[in-house]
Amino acid sequence: MDSCCMPSHLQAPGGSCYSNGPIRAGILRSRKDVSPMAEALTPRSQDYAKWYNEVILRAELADYTPVKGCMVIRPYGYALWENIQAGLDRRFKATGHQNAYFPLFIPMSFLQKEAEHVQGFAPELAVVTHGGGKKLEEPLVVRPTSETVIGHLYAQWINSYRDLPLLINQWANVVRWEMRTRLFLRTTEFLWQEGHTAHATEQEAQEETLRMLEVYSDFATRDAAIPVIQGRKSEREKFAGAQTSYTIEAMMGDTKALQAATSHNLGQNFAKAFNIQYLDRQNELQYCWTTSWGLSTRMIGAIIMVHGDDRGLRLPPVLAPVQAIIVPIWKRPEERAQVLAAVEGLKALLGDRVRWQVDDREEYTAGWKFNEWELRGVPVRIEIGPKDVAREQVVLARRDRPGREGKSCVPQAQLVPSLKELLEDIQKNLYRQALEFREQHTQETDDYQEFKEVVAGGFTRAYWCGSPDCEQAIQAETKATNRCIPLEQPEQPAGHCIYCGQPAREQAIFARAY
RNA sequence: CGGGGAGUGGCGCAGGGGGAGCGCGCACGGUUUGGGACCGUGAGGUCGCGGGUUCAAAUCCCGCCUCCCCGACCA
């Protein structure tokens, strides 16, 4: 680790962002593009949307580009995405899936093979009409999702029950022409993973659909520290072409809902549209049962909105590109040498046990750096100054408890175990705070008057008869949509639809949503 | 696609017929560094684009483009 050949603030020798150890992703090289006038962020209570945009731009997660709705994911934001990918990819592999890559362009006619699918996506397709200076025989759509091309290929690859199940995932970009865009939440182009599987029986497909919903739920809970509600989408809200769609819904810091991931049981809809057939043991031709499931860069928006506070981001340690930022502090030159020597000791101690970085830029004061790394959501700050050097200790400051109360002194010899413990505690605390917030803003009711009052302030759980008309009427009157029918239902469900009063057997979650 | 707001130096903004300014950032020098330090000197702009009115347009008129916010549609 030879720091003298690098710019002083780039003291990390690199290494994969997926692994622990010193990292260099997203280091601040300068303060360009950041408004110094707005040293404090717009408080969330004052203007939540403005706060959201400011956090993203100032923390350098992303930026706008010349094309409407297209954003650039900057190194710090991309490092976060890479950690999300790593957490998911590991789970996909553990459940037997393989990665592959399917093409960006899809013949227009493919989309048209599944009636509901094309109807759902037609308004938001980007279509390529020319190539190589000539008009194309058949327009190509830029994939909005890949069920159709993948269906086409599955039909060729699958012949026998012995070829099943076929379990493939792809990491890709997709394009959906959106009227209204928002950084990470709804961009014209976005990154995601889409899993596509084919099975011999309906039951296996259903098991797969719920297995992947559980994978998403586990990722959200353990890695992103976001509590989610697993549920089934209503007919109105389901994926175009699916038999049944499932979702994990999360509550953002302004009490609105966000669909964080989806998993679809596609039934035989795409199998029939694309002739995905196999010969069973009795030598009879059968249609496959397929599924698809996806999670996108929207998850980054969820992390920002679930955990962020008025100081900026608060990243869950499991996903944070930088888990600990070391800030050396000194006054006099001889102190500088001592402190920096001690920092070398800390670096050796930490090794690749956590993802750390040293901010020894001399053009900023310690206080400035404290605020800056809090804005960027780094879970733990390690302060080391002359006093700490003398006492062979460091100060650990936790992001989830800003200011003096979140600081503690630990002996340098205890740094690694203390830090690891602290990171775990922060991870748990972020989840606990998010869960508490959601519970505080969730109500159950069977009275429509009350429903109308409370639904503006969070999640409302109510019996629903299943009629799309009731859903639509509720949306028109309250701006709240049916987020999902939670998988967890009362043991002896019995009630009346919150809107029409007809007998209802299931409860749904209603909320305003992103 | 409707409603609202905005395009002036890297960022945030003021200026509304006649000299393109302020704050921050940036560069250089010096003093500083335990919760967003300070002094000095400097660099940096076809005022979103295109037309028009005028002796004269950042400023007035017409058209267009882009971005943000709020709604309808969607991961």
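Protein chains get the first letters and strands the later ones, always in sequence-line order, with residue 1 at the start of each. Scope of the values below: all heavy atoms of this structure, side chains included, with no hydrogens, waters or symmetry mates.
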Position toward the 5' end of RNA chain B (nearest nucleotide), A:Arg336 or A:Ala49: A:Arg336

query: 5'-most contact on RNA chain B: A:Phe121 or A:Pro402, nearest heavy atom basis?
result: A:Pro402

- request: Determine, for A:Arg211 against A:Glu208, whether the closest basic-nitrogen to carboxylate-oxygen distance falls under 4.0 angstrom.
  value: yes

message: If the threshold is 4.0 Å, N to carboxylate O, is there a salt bridge linking A:Glu344 and A:Lys347?
response: yes

message: Taking donor-acceptor contacts at under 3.5 Å, does the side chain of A:Arg176 reach the base of B:C74?
response: no

- prompt: Considering only heavy atoms and no angle criterion, is a donor-acceptor pair shorter than 3.5 Å present between the side chain of A:Lys407 and the base of B:G35?
  reply: yes

- request: Describe the nucleic acid contact of A:Ser292 in one word from base, sugar-phosphate, nothing, applying a heavy-atom distance below 4.0 Å.
  value: nothing

[N] versus [M] - spacing of their [atom1] atoms, nearest Å:
| N | M | atom1 | value |
| --- | --- | --- | --- |
| B:A56 | B:G18 | P | 14 Å |
| B:C38 | B:G19 | C1' | 33 Å |
| B:C11 | B:G7 | P | 14 Å |
| B:G23 | B:C67 | C1' | 24 Å |

message: Check this for me: A:Trp192, atom CH2, are more than 12 non-hydrogen atoms of other residues, nucleotides or ligands nearer than 6.0 Å?
response: yes

field: A:Glu124 CD to B:C74 C1', straight-line distance once rounded to whole Å
entry: 5 Å

message: Can you measure A:Tyr514 atom OH to B:C69 atom P for me and round it to whole angstrom units?
response: 10 Å

Could you work out which one of [options] sits closest to the side chain of [X]?
| X | options | answer |
| --- | --- | --- |
| A:Met179 | B:C1, B:A75, B:C68 | B:C1 |
| A:Gln475 | B:C73, B:C68, B:C26 | B:C73 |
| A:Asn371 | B:G34, B:G35, B:C1 | B:G35 |
| A:Arg381 | B:G35, B:C74, B:G36 | B:G35 |

field: ring pair (Phe, Tyr, Trp, His ring centres under 6.0 Å) pairs, two or more places apart, involving residues 219-245 of chain A
entry: A:His117-A:Phe239, A:Phe121-A:Phe239, A:Phe239-A:His264

- prompt: Does A:Thr365 make a side-chain N or O approach to OP1 or OP2 of B:A37 shorter than 4.0 Å?
  reply: yes

task: Please state whether the phosphate of B:C69, meaning OP1 or OP2, lies under 4.0 angstrom from any side-chain nitrogen or oxygen of A:Asn53.
output: yes

query: Hey, would you say the A:Tyr154 and A:Phe270 ring centroids sit under 6.0 Å apart?
result: no

